Amino acid sequence: RGKRAFVAGVADDQGFGWAISKALTQAGAEVILGTWVPALNIFETSLRRGKFDESRVLSDGSLMEFAKVYAMDAVYDSPEDVPESVKTNKRYAANSEFTVSEVAAKVKEDFGSIDIVVHSLANGPEVAKPLLETSRGGYLAAVSASTYSFVSMVQRFAPIMNEGGSFISLTYLAGERVVPGYGGGMSSAKAALESDTKVLAWEAGRKHNVRVNTISAGPLGSRAAKAIGFIDDMIQYSGKCSPLSQRELQAEEVGNVATFLCSPLASAVTGTCLYVDHGLHIMGLGV
Ligand code: NAI
């Protein structure tokens with residue numbers, strides 16, 4: 001039987017979540033998506049209208065299909081966490097059961113079990129502000145959306161995972177080194193995510209016999225990254241300073257490593273942060 005993967009954080013064909021979905025599909029997995037509620041409608045419409053068809057082409061010429069797309073908002077764990085103002089918001093009102101526990105329950109109901117869970121989402125409302133100017137609310141929102149969301153997903157999905165199951169998230173060098181411009185508590189959120197990768201690997205490893213890893217990815221001009229504002233500079237810096245500087249990082253390169261990490265080839269790998277960044281993290285000085 002092929003593996004079944006749940007990928008959270010796909011709302012277009014530009015980001016890491018899409019590339020990971022594609023690499024997993026290419027490797028024979030069935031892919032289910034969890035898409036952020038406010039982005040769901042436009043994503044499904046674009047998908048239906050063929051806007052992503054070029055990006056959907058697999059090596060045998062067929063198009064990548066998603067087994068199902070669930071509405072999801074990873075800042076809420078269960079229905080009682082959703083504020084009235086959100087429930088009645090027009091983009092949310094059209095959807096239901098989008099909290100993490102409800103999505104996990106629906107995946108269980110619809111598919112029975114899961115082998116792979118990918119967390120490819122982040123949000124920091126004050127990302128453009130330096131930490132020195134970040135509000136408590138902005139900081140906590142960044143950690144809630146970008147880090148606790150992963151803890152919450154491991155809590156709810158690990159119990160429905162098959163033997164050999166595996167979790168993966170995406171982190172960024174700014175969690176361990178200073179990257180000026182990556183503000184709003186997003187650096188803190190990534191530091192926490194990297195630490196949680198280890199603690200969850202231990203806890204969920206012992207309790208559920210599943211693996212937990214994170215990929216520290218190099219810069220990619222995704223939608224989320226463009227919102228930060230300095231992504232073009234980061235791509236240029238990476239091209240100038242990393243050991244493999246001849247070309248830009250391709251999302252597909254991250255997709256391939258994610259697929260390896262979630263495969264039996266990596267059955268002894270857990271709690272690690274694997275750099276997929278053309279080696280930029282080893283440099284002490286930009287040249
Ligand atoms: P992206 O825009 O493709 O993905 C982010 C996704 O998160 C979007 O689909 C968005 O709808 C979703 N999202 C935001 N808040 C959410 C919520 N509350 N619930 C559910 N979904 C929510 O951008 P990208 O860059 O591919 O991001 C994926 C991951 O990669 C993130 O964790 C990001 O921090 C990480 N990363 C990105 C790098 C880059 O240069 N683009 C570098 C290193 C890591």
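This is a predicted model, so every value here is computed, not measured. Because only heavy atoms are used, hydrogens play no part in the values below, and waters and symmetry mates are left out as well, while side chains stay in. Note that ligands are numbered from 1 as they come in the structure, with each ligand's atoms numbered from 1 the same way.
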Distance dump, ligand 1 polar atoms to protein, N/O, under 3.5 Å:
residue: ligand 1; atom: 2 (O); partner: Ala224; partner atom: N; Å: 3.1
residue: ligand 1; atom: 18 (N); partner: Trp36; partner atom: NE1; Å: 3.3
residue: ligand 1; atom: 18 (N); partner: Asp73; partner atom: OD1; Å: 2.9
residue: ligand 1; atom: 19 (N); partner: Ala74; partner atom: N; Å: 2.9
residue: ligand 1; atom: 23 (O); partner: Ser222; partner atom: OG; Å: 3.1
residue: ligand 1; atom: 25 (O); partner: Ser222; partner atom: OG; Å: 2.5
residue: ligand 1; atom: 26 (O); partner: Phe16; partner atom: N; Å: 2.8
residue: ligand 1; atom: 32 (O); partner: Leu121; partner atom: O; Å: 3.3
residue: ligand 1; atom: 32 (O); partner: Lys190; partner atom: NZ; Å: 3.0
residue: ligand 1; atom: 34 (O); partner: Lys190; partner atom: NZ; Å: 2.9
residue: ligand 1; atom: 40 (O); partner: Leu220; partner atom: N; Å: 2.8
residue: ligand 1; atom: 40 (O); partner: Leu220; partner atom: O; Å: 3.4
residue: ligand 1; atom: 41 (N); partner: Leu220; partner atom: O; Å: 3.0
residue: ligand 1; atom: 41 (N); partner: Ser222; partner atom: OG; Å: 3.4

side-chain hydrogen bond (donor to acceptor under 3.5 Å, both in side chains) between Glu194 and Thr214, worked out:
CA-CA 7 Å; Glu194 290 173 25; Thr214 191; over 6 Å; no
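- Under the ring pair (Phe, Tyr, Trp, His ring centres under 6.0 Å) criterion, Tyr139 pairs with no residue, sequence neighbours left out.
- With sequence neighbours excluded, no residue satisfies side chain to side chain donor-acceptor pair (under 3.5 Å) with Ser96.
- Not counting sequence neighbours, the partners of Glu253 by the side chain to side chain donor-acceptor pair (under 3.5 Å) test are Arg247, His278.
- Note on ring orientation: taking the six-membered ring where Trp is involved, the planes of Phe230 and Tyr182 are tilted (angle from 30° to 60°).
- Using cut-offs of 30° and 60° for the angle between ring planes, the Phe167 and Phe150 rings count as perpendicular.
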